[in-house]
Number of protein chains: 2
Amino acid sequence: MPPWLGAGVRRGWEERRATNAFVANVFVANAFVTNAIDCRYDGAMTAHPTAPRSRRERPAKPALTREGIIATTVDLMRAEGLERVTMRRLAKELDTGPASLYVYVRNMAELHAAVLDELLGAVDLSPATSDGEWRDRLVRILTSYTSVLFEYPGLAQSALVARPFGKHYLKLLEALLALLDEGGIEPDRAAWLLDLLLQFATATAAEHAHRAPGDTPQSEADWQALATVVRDVSPRTHPHIAALGTRLLSGSPKDRLAWGFDVLIAGARHTPLPEVLAPSPVDTRGAGETGSAGDAGETGNAGDTRGTRGARATGATEG
Amino acid sequence: MPPWLGAGVRRGWEERRATNAFVANVFVANAFVTNAIDCRYDGAMTAHPTAPRSRRERPAKPALTREGIIATTVDLMRAEGLERVTMRRLAKELDTGPASLYVYVRNMAELHAAVLDELLGAVDLSPATSDGEWRDRLVRILTSYTSVLFEYPGLAQSALVARPFGKHYLKLLEALLALLDEGGIEPDRAAWLLDLLLQFATATAAEHAHRAPGDTPQSEADWQALATVVRDVSPRTHPHIAALGTRLLSGSPKDRLAWGFDVLIAGARHTPLPEVLAPSPVDTRGAGETGSAGDAGETGNAGDTRGTRGARATGATEG
DNA sequence: ACCTGAACACCGTTCAAGT
DNA sequence: ACCTGAACACCGTTCAAGT
């Protein structure tokens, strides 16, 4: 079904499709021809910041591409919220069946990761090279990262479970590591602190994944309930909670976020790393074709890395 | 369908139910009678730590109760993982239709919260009153909390979005606040640090929500991909990432978790709170029937609290 | 009053079959 | 080769109607 027709027409077509074989066939044939002459068109679809307002303006059905799918996902998300972005809905938007999408993305999780990285292009990395105290600049970037995620907390949730490693995410990591380096934080410490900072920012954004639309109907009730519980708790059984009362919930998220960043940065500098972190270099190493980094000794191969993760996956349960 | 029949029989019954009206009617009648004489039975179902091995041993279909539903959810989760716990599956397990569950739980999110609180009963709070350094004891409790969540990372994800305020969660808060108090942390700082510590623990557990079953098939591939990206990044465009290499991913989760707790505790003591935190007491106050806490001045009413949350909900986006 | 069958309005993903 | 209709195997939630 061609995208340049208005929504009403498209809906009508959807409803008729099962009963009006002639109309359906015309469109199917049309789509096939468009496809056959390979009239590729990916300008408007891939340039997501200023996507076309109306579908009528698009001259032809764009051929499916990964970029086009991601751009359409971003558009749909901005327009209707992440929870409305489903494979089926997305396919409808692209005038195809859901199965077609799986040619370009492995699954929903991969699509989310790709979309998040796309969005991460909006993070302001300019403080990385500007003047001023390195800490301020670090926090400015982290705050920018958090604001981007704040708009789509559902994506933050995804990012927590499957950390994206797209190009924008890598640029963010590089900028943050540069500032930590500038601040004189030793590399291993910087690596761990980086993780803490991004996890904190991401989790803070993810916390706000209750309702995407403007108002917060459910969240409001939750908050009331929470405040009530904290206020009505018995001082006999829970003296410390009662003494704090609603002060437990005090502070704007902005203040808490800023304080959290400061706490992590200050704490990381004062807390010694465990001695376990001694490199313990491994003889076997990967191909290293791209990497002429100066620390070949510490670079483990994939097998070793897997071992490390294996330990990570089970370690905490024994604690 | 009575729960004391084995799985094979039950499956057979499921398949026959549409065609064999007689058998179905016998069971329906049976269930109705059980219900009518109000043969309440909630011992084995509510005591989740030692739920009965076999459904055969249960003498009768338990009447639906909130506790029974939660207990069954926990059982089902332990047996098949959180992702298999759906309203429909749960209803099947309780020999009813999904609609019946909504008499006792508002929705899936509420059920998750209730189940999480149930699980939180397993957190070891004994360090709260034991001997030793307050910090060690604090970290021991937090580590116990994290291990419990580690077993069901999906629940940790839920907890991040909708913080539970069940009785076990409140006991946990009380124990942690007592230790922070013992450590001489001032109340407002303790409140914020508490949040940071629990958020960190919860987010760390939530990160592991990829696959619930024993092996980690998808996670393994993700990890490989991630290690490859970090190793193969160009030292020209990303010098700091390249210099760190796989050291970015070093350390066991156990070590990272312990370090994180230490960082937060140390950092919180060295980082001043924003002056905004001045109580600014409000004249209007809530009913306060239960609360004879000594800090009535700082206890805001629901309206004020709502205002605070409103600020929290939008503040960070402007940062 | 309490419970529930059936329906509503959807999902992600796969695969055999089309062009 | 590339694409997709139709199916598979499900979802959460609601509500009118049963007992």
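We use all heavy atoms of the structure for the numbers below, so side chains are in, but hydrogens, waters and symmetry mates are not. Every chain is numbered from 1 and lettered A, B, ... according to where its sequence line falls, protein lines coming before strand lines.
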task: Please lay out, stage by stage, how A:L160 and B:L160 fare under the test side chain to side chain contact (heavy atoms under 4.5 Å, CB included).
output: CA-CA 11 Å; A:L160 214 53; B:L160 214 54; 3.1 Å; yes
Expressed in angstrom and rounded to an integer, what is the separation of [X] atom [atom1] from [N] atom [atom2]?
X      : N      : atom1 : atom2 : answer
B:D95  : C:dC3  : CG    : P     : 14 Å
A:L90  : C:dC11 : CG    : P     : 11 Å
B:R89  : D:dG12 : CZ    : P     : 12 Å
A:E110 : C:dG12 : CD    : P     : 15 Å
B:R66  : C:dC2  : CZ    : C1'   : 18 Å
B:L64  : C:dT4  : CG    : P     : 6 Å
B:M108 : D:dC11 : CE    : C1'   : 10 Å
B:R84  : D:dA9  : CZ    : P     : 13 Å

From the options [options], select the nucleotide whose nearest atom is closest to the side chain of [X].
X      : options                : result
A:N107 : C:dT13, D:dT4, D:dT13  : C:dT13
A:Y102 : C:dA6, D:dG12, C:dG12  : C:dG12
B:R88  : C:dC8, D:dA6, C:dC11   : C:dC8
B:M87  : D:dT13, D:dC3, C:dT13  : D:dT13
A:T86  : D:dT13, C:dG12, D:dC11 : C:dG12

C:dC3 OP1/OP2 closer than 4.0 Å to side-chain N/O of B:Y104: yes
N or O in side chain of B:S100 less than 4.0 angstrom from C:dT4 OP1/OP2: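 It does, given that an N or O in the side chain of B:S100 lies less than 4.0 Å from OP1 or OP2 of C:dT4.
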Stem regions touching DNA chain C, defined by at least 3 consecutive Watson-Crick or wobble G-U pairs below 3.5 angstrom: C:4-8 with D:12-16, C:12-16 with D:4-8
- prompt: Okay, side chain of B:Y152, backbone of B:L82: is any donor-acceptor separation there less than 3.5 Å?
  reply: no
- prompt: Got a donor-acceptor contact below 3.5 angstrom from the B:D117 side chain to the B:P164 backbone?
  reply: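 Between the backbone of B:P164 and the side chain of B:D117 there is no qualifying donor-acceptor contact (under 3.5 Å).
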statement: Sorted by chain and residue number, the side chain to side chain donor-acceptor pair (under 3.5 Å) partners of B:Y145 (sequence neighbours excluded) come out as B:T202
query: Less than 4.0 Å between a side-chain N and a carboxylate O, is that true for A:R163 and A:D195?
result: yes
message: Between the side chains of B:R78 and B:E151, is the shortest nitrogen-to-carboxylate-oxygen separation below 4.0 Å, so that they form an ion pair?
response: no
- request: Take atom C1' in C:dA6 and the same atom in C:dC10, then report the distance between them in whole Å.
  value: 16 Å
- prompt: How far does the P atom of C:dC8 sit from the matching atom of D:dA9, given to the nearest Å?
  reply: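 Rounded to whole Å, the distance is 23 Å.
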- prompt: Do you know the tightest heavy-atom contact between A:M108 and A:T86?
  reply: CE-CA, 3.9 Å
